[in-house]
Amino acid sequence: MRTQKNARSFSNACKVIPGGVNSPVRAFKSVGAAPIFIDRAKGVYLYDVDGNRYIDYCLSWGPMILGHANNVILADVKKAISRGSSYGIPTTVETDLAKMIVDAIESVQKVRLVSSGTEAVMTAVRLARGTTGRDKIIKFIGGYHGHVDHMLVSAGSGALTLGAPSSPGVPKDFAKHTILANYNDIDNVKKLFEKYSDQIAAVIIEPVAGNMGVIPAKKSFLKSLRTLCNKNKSLLIFDEVITGFRVDYGGVQKKIGVKADLTCLGKIIGGGFPIGAVGGKASIMNNLSPQGSVYQAGTLSGNPVCVTAGIATLRALRSQKPYAALERRTKKFCKQISEVLDEKGVAHTINQVGSMFTVFFTDSDVTDFDSAFTSNTKMYAKYFQQMLKADIYLPPSQFEANFLSTKHTDAHLKKTIEALRSIKL
Ligand SMILES: *Cc1c(COP(=O)(O)O)cnc(C)c1O
């Protein structure tokens, strides 16, 4: 692995960008490695500025389900760009993408397009508060919903009910309306509803957690959340920014048969371009301005280039129906990873849902934040670093999801397993 240009790029970046990166985890801090700088990508491959080529299992954190620089998406995007890149006035392609989302996700009747997943969550939470006239939001420990102030509240050791901000700059007064619950623990949520019965605007959840590593919510848990929200006239928000169009064309909600009131989307629906969306029942969505009074706006919202990339991606997914094959391949791959780790005598638990998975270096079952944190992060760092040297790019943190794309073939997976076999853990 050549590193000279990567190292120089990083030191140059650090002079003018805080920490040298525009999103913290890219700095590779938690895996104790020097970050790589990407020059280009194609299919399953990333090429860095030193000319190293990696098989990519991070896929820009999920969006690139059809692989990098997909020819079909690129052709549509080039056409779109040649007609101008932003107008700040409606286009018909926005309606086309909204229609595709409405057709795909049963609980969604109307959609507002924004520019990131963070913005989608911010809008969903404001809309839930505006609709119910209540302030409090239940979120789960270890759940990530973008860097919105109110959502940057996670595990305070012991303080499991009232939120304390997990970042300086988030006023306590903002965080106090965020109530923390344990993932997959319905009794905990019930107690919170008893305590704050008529104050809870919404429960927000990743129905398959992807940001403390992959942890599926139990079906019975999500069904009970639905019932609790109905009983207490609170809204249920599914943050499907990762899982939407990833685990199924209709999201997790299609797979498990639980309908959300509001659904947040992002990542895949932009085909690698910046986008986000919030959708839900028309009666709730109509409260957004200009139809209703809950304010939301965006200079580049519904950007025609991003929307075109999203449409091309969804169209390909709708016609290819890759989900069953992706799941089969991912299952088989996880089994092979597990076998090699067993041979090496390394304790591990692999969680997998569809084409997303995490190898946790622990021997306990991983069902929530606490069990995820029994993982040996030093072992993960070793695993990451050595796989990188063997030309395999994994998510640079134990607590993130791995993804497969439709371009990952048996040959790529075989090469990855051989790399895993060759490293020392
Ligand atoms: C990525 C992500 C977000 C934030 O999306 P951005 O586009 O990074 O702002 C929100 N929720 C979940 C579940 C995510 O995975």
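We count ligands from 1, going down the list as the structure has it; atoms in each ligand are counted the same way. Not measured: the values here are computed from a predicted model.
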Does a donor on one side chain and an acceptor on the other come within less than 3.5 Å for R226 and N230?
yes
Is the H408-Y57 ring centre distance short of 6.0 angstrom?
yes
Is there a donor-acceptor pair closer than 3.5 Å between any side-chain N or O of T123 and the backbone N or O of E119?
yes
Tell me which residues fall inside the under-4.0 Å heavy-atom shell around ligand 1.
S116, G117, T118, Y144, H145, G146, E206, N211, D239, V241, I242, K267
Count the heavy atoms belonging to other residues, nucleotides or ligands that lie under 6.0 Å from OH of Y87, then report whether that count exceeds 12.
yes
Taking the six-membered ring where the residue is Trp, are the ring centres of F373 and F399 under 6.0 Å apart?
yes
Are the aromatic ring centres of Y323 and F245 under 6.0 angstrom apart?
no
